[in-house]
Amino acid sequence: MTTKTPAPRPTQLIPLPTTAARITTITGATLTIISTFLAWTWTTAFPGNLTVNGYPGGLQTITLTGALLTLAFALAKHHTPGLRWLTPAGSTAPTLLLALGTFATTWYTLGAITTDLGGLAHLEPGGWIAALTTLITLTGTLALPADQPYDDADGTNPPTPWRRFRHTLTTGRPPRPQPLPRWAEILVIAAAYALGLALFTYGIDTEYGELFVGYLLLTLAGLTALTRAGLTTRLSNLTTKHRNITLTAAFIAAACFPLTQTNDAYTNLATSILIFATVALGLNVVVGLAGLLDLGYVAFLGVGAYAAALVSGSPESAIGVHFPFWAAVLTGIGAALVFGIVIGAPTLRLRGDYLAIVTLGFGEIFRITMVNLNGKTGPDITNGAMGIPNIPELEILGFNFGENHDILGATIGRFGNYYLLMLLATLFVVLVFRRAAESRIGRAWVAIREDETAATAMGINAFRLKLLAFALGASLAGLAGTVQAHVITTATPDQYQFAGTVPPNSAFLLAAVILGGMGTISGPVIGAALLYLIPNKMDFMADYQLLLFGVALILLMRFRPEGLVADRRKQLEFHETDQLAVPEPRLPDSTVGITKAEA
């Protein structure tokens with residue numbers, strides 16, 4: 001009787017032995033760290049001064065950070081004391097992702113040097129060493145065994161390299177629960193938001209586009225690696241457990257941002273991001289909770305801005321009144337609320353594409369109306385295309401927002417003052433959204449979003465609740481509009497279009513909600529920050545912004561259709577799970593030893 005030699009297990013089909021792969025990864029990451037202390041180019045024409053031996057500069061710091069993180073996760077694979085907490089769900093996938101991010105950042109830097117300066121001759125030996133060592137590190141991580149063995153029952157169908165690569169990135173063991181004392185959990189939440197503040201500050205303070213691209217590449221790889229390692233799952237569990245503490249920590253971290261800035265231009269950018277994020281949260285009520293596709297939502301931002309501009313004492317205002325700020329805020333909110341009800345009442349009986357077309361028409365009608373109210377083609381109310389300029393600075397309880405103020409030893413400029421004011425408005429919108437989403441009305445909105453016919457059959461008044469969502473979303477946009485009018489000191493029609501290269505506009509607002517994650521709080525904020533920050537930092541690629549934006553959306557819909565931050569419902573909707581799988585029947589003991597086909 002001859003015996004057949006068993007086929008090799010697919011998990012054994014790796015390009016390098018496991019020990020050699022680990023040694024290669026650790027050695028490559030270490031040499032990459034050393035390469036960042038060498039000169040990558042001989043001329044200072046490339047920004048960041050990569051000509052110095054002895055310490056990294058510019059994009060070299062991005063490569064250094066990526067190499068250090070790769071080395072830390074590679075050592076965690078060996079259960080190194082002090083690093084085991086990094087990999088509760090496995091270390092191979094995060095190590096591979098960080099190696100990819102470091103490789104992409106380094107090779108992008110060398111490619112940018114070659115392109116900007118005109119040839120490979122401008123690279124110093126340090127650049128060539130960095131290119132080689134990052135490639136060695138990536139090769140080693142590709143050969144590391146997956147956190148979960150490749151599941152192939154008989155071994156006759158070995159995985160291709162691409163299938164094995166996907167398996168490594170998409171599988172991992174469930175994170176092991178690790179209870180912590182309450183004080184330690186609070187400390188972890190505070191540390192996470194402090195790290196988030198540091199990342200955001202570094203990104204917004206980047207002085208040139210090449211550095212921002214490198215930062216973006218490594219940040220994307222790093223955050224994905226933390227997710228695959230299981231750390232974000234643990235953090236999410238902690239933030240869910242301590243919601244009020246989480247909200248407080250997030251507010252404190254955001255309030256500390258102006259204290260880190262010496263350039264008021266970056267604070268102005270952060271203020272614009274907050275305005276954009278607040279409006280996106282309001283749209284999230286309409287789209288994310290109630291499921292109403294609104295393509296003219298930016299018009300409600302314009303209603304609030306124009307209402308505040310008319311009553312805030314501008315010399316160009318046709319009304320000629322000067323309300324205090326609280327009255328101007330109520331005026332903007334009230335005007336947006338009225339417009340929301342007036343527009344929503346006759347149109348919300350429509351669904352889907354028809355509702356989208358009607359709201360798109362409303363947005364364009366608003367913009368054209370503001371242009372025509374110029375005293376020639378209509379009443380002289382909005383000053384036409386010139387808008388309402390010279391809106392005076394706010395002054396609340398003797399605090400003038402247009403002047404510099406010293407807070408905790410740091411000087412806060414004009415935009416820092418408005419940033420803190422807008423942060424309070426954002427906090428208010430977050431609280432309103434959170435309470436609305438967790439209420440009985442919020443659950444009814446979700447039911448309407450999932451299936452309006454079924455919700456109506458269960459006794460939900462769909463029209464009334466949809467109108468309520470429309471009015472609430474419009475009011476939140478009006479609130480943001482009142483602050484925006486005082487920040488930019490003018491209100492013009494061209495600021496409130498359906499589409500354009502500069503947000504906020506309706507298309508970018510909708511993209512921010514979908515990109516970040518519909519129905520969540522942090523999702524639209526992150527989406528709005530990315531969509532506002534990237535075009536401002538990558539102005540050297542202005543001719544290709546919309547093309548890159550479209551490519552990014554296609555990739556997102558392919559690999560993460562639920563958004564960057566998704567709730568449990570969306571994850572179950574867009575990804576296959578085994579929750580509804582029917583288990584195979586257990587064979588009786590008498591059939592043990594026969595094949596499944598014979599059974």
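Starting from 1, each residue takes its place in the sequence as its number.
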Is the backbone of Gly28 close enough, under 3.5 Å, to the side chain of Thr137 for a donor and an acceptor to pair up by distance? yes
Distance-minimising heavy-atom pair for Leu420 and Ala255: CD2-O, 3.8 Å
For Trp128, check ring-ring contact (aromatic ring centres under 6.0 Å, His included) against everything at least two apart and list the hits. none
Backbone of Met518 reached by a side-chain donor or acceptor of Asn284 within 3.5 Å: no
Could you walk me through whether Tyr532 and Phe508 pass the side chain to side chain contact (heavy atoms under 4.5 Å, CB included) test, one step at a time? CA-CA 9 Å; Tyr532 204 100; Phe508 271 76; over 6 Å; no
Output all residues satisfying ring-ring contact (aromatic ring centres under 6.0 Å, His included) with His242, sequence neighbours left out; order by chain, then residue number. none
Under the ring-ring contact (aromatic ring centres under 6.0 Å, His included) test, residues paired with Phe103 that sit two or more places apart: Trp107
Test side chain to side chain contact (heavy atoms under 4.5 Å, CB included) on Trp42 and Leu117; report intermediate values, then the result. CA-CA 11 Å; Trp42 59 268; Leu117 302 183; over 6 Å; no
To the nearest 0.5 Å, what is the distance between CG on Leu533 and OH on Tyr266? 10.5 Å
Taking all atoms of both residues into account, what is the closest heavy-atom pair of Ala249 and Ile189, and its distance? CB-CG2, 4.2 Å
Shortest non-hydrogen contact from Glu124 toward Ala39: CB-O, 3.2 Å
Could you state the interatomic distance from CG (Leu217) to OG1 (Thr105), rounded to the nearest 0.5 Å? 5.0 Å
Among all residues two or more places apart in sequence or in another chain, which pass the side chain to side chain contact (heavy atoms under 4.5 Å, CB included) test with Ala192? Leu235
Can you name the closest pair of heavy atoms from Trp40 and Ala130 and give their distance? CZ2-CB, 3.5 Å
Value for CD (Glu185) from OG1 (Thr239), rounded to nearest 0.5 Å, stands at 11.0 Å
Judged by atom type as modelled, is there a donor-acceptor pair below 3.5 Å linking the side chain of Arg449 to the main-chain atoms of Gly288? yes
With side chain to side chain contact (heavy atoms under 4.5 Å, CB included) as the test, would you mind laying out the steps for Leu120 and Leu123 before giving the verdict? CA-CA 6 Å; Leu120 294 173; Leu123 293 178; 4.0 Å; yes
Within the 4.5 Å heavy-atom criterion, are Leu50 and Thr109 side-chain neighbours or not? yes
Just by distance, no angles: are the side chains of Thr278 and Thr426 close enough, under 3.5 Å, to form a donor-acceptor pair? yes
For the pair Thr271 (side chain) and Phe415 (backbone), establish whether a donor and an acceptor sit closer than 3.5 Å, ignoring hydrogens and angles. yes
Side chains of Tyr193 and Thr246 in contact at under 4.5 Å (non-hydrogen atoms): yes
Keeping Thr27 on the side-chain end and Thr24 on the backbone end, is there a donor-acceptor pair under 3.5 Å? no
4.5 Å side-chain heavy-atom contact, Phe433 and Leu289: yes
For the residue pair Thr63 / Thr106, report whether a side-chain donor-acceptor contact shorter than 3.5 Å exists. yes
Is any side-chain heavy atom of Leu144 closer than 4.5 Å to one of Leu96? no
Not counting sequence neighbours, which residues clear ring-ring contact (aromatic ring centres under 6.0 Å, His included) with Phe212? List them please. Tyr215
Minimum heavy-atom separation for Ala528 and Ala512, please, with both atom names. N-CB, 3.7 Å
Could you name each residue pair satisfying side chain to side chain donor-acceptor pair (under 3.5 Å) that touches residues 28-38, not counting sequence neighbours? Thr32-Thr133
Could you work out, with side chain to side chain contact (heavy atoms under 4.5 Å, CB included) as the rule, every residue matching Leu197, not counting sequence neighbours? Thr201, Ala253, Cys256, Phe257
Hey, does the side chain of Thr43 reach the backbone of Ala45 with a donor-acceptor pair shorter than 3.5 angstrom? yes
I'd like to know if the side chain of Asn536 and the backbone of Leu269 have a donor-acceptor N/O pair within less than 3.5 Å. no
Contact between Asp116 and Glu210 at the side-chain level, heavy atoms closer than 4.5 Å - yes or no? yes
Just by distance, do the side chain of Thr41 and the backbone of His122 share a donor-acceptor pair under 3.5 Å? yes
Applying side chain to side chain contact (heavy atoms under 4.5 Å, CB included), name anything that partners Val525, two or more places apart in sequence or on another chain. Ala277, Leu281
Mind running side chain to side chain contact (heavy atoms under 4.5 Å, CB included) on Thr219 and Leu223 for me, showing each step along the way? CA-CA 6 Å; Thr219 301; Leu223 293 178; 3.9 Å; yes
So do Leu247 and Arg434 actually touch side chain to side chain, heavy atoms under 4.5 Å? yes
Point-to-point distance, once rounded to the nearest 0.5 Å, from CG of Leu293 to CG of Leu510: 6.0 Å
Under a 4.5 Å cut-off applied to non-hydrogen side-chain atoms, are Leu283 and Pro524 in contact? no
Contact check, side chains of Ile136 and Leu31, non-hydrogen atoms, under 4.5 Å: no
Rounded at 0.5 Å granularity, tell me how far CG in Leu274 sits from CG in Leu427. 11.0 Å
Counting only N and O atoms by type, is there a donor-acceptor contact under 3.5 Å from the side chain of Thr520 to the main-chain atoms of Gly517? yes
List the atom pairs, donor and acceptor, that lie under 3.5 Å between side-chain atoms in residues 64-76 and the rest of the protein, sequence neighbours left out.
from, atom 1, to, atom 2, distance (Å)
Thr65, OG1, Thr61, O, 2.8
Thr70, OG1, Gly66, O, 2.7

Can you list the residues that meet the side chain to side chain donor-acceptor pair (under 3.5 Å) rule with Gln60, with sequence neighbours excluded? none
Output for pair (Ile245 CD1, Arg182 CZ), nearest 0.5 Å, gives 4.5 Å
So, Lys537 side chain and Ile204 main chain: donor-acceptor pair closer than 3.5 Å or not? yes
Closest non-hydrogen contact found for Pro258 with Tyr419 is CG-CD2, 3.3 Å
Quick one: side chain to side chain donor-acceptor pair (under 3.5 Å) partners of Ser236, sequence neighbours excluded? none
Kindly write out the residues that satisfy side chain to side chain contact (heavy atoms under 4.5 Å, CB included) with Leu38, not counting sequence neighbours, or none if the list is empty. Asn53, Ile129
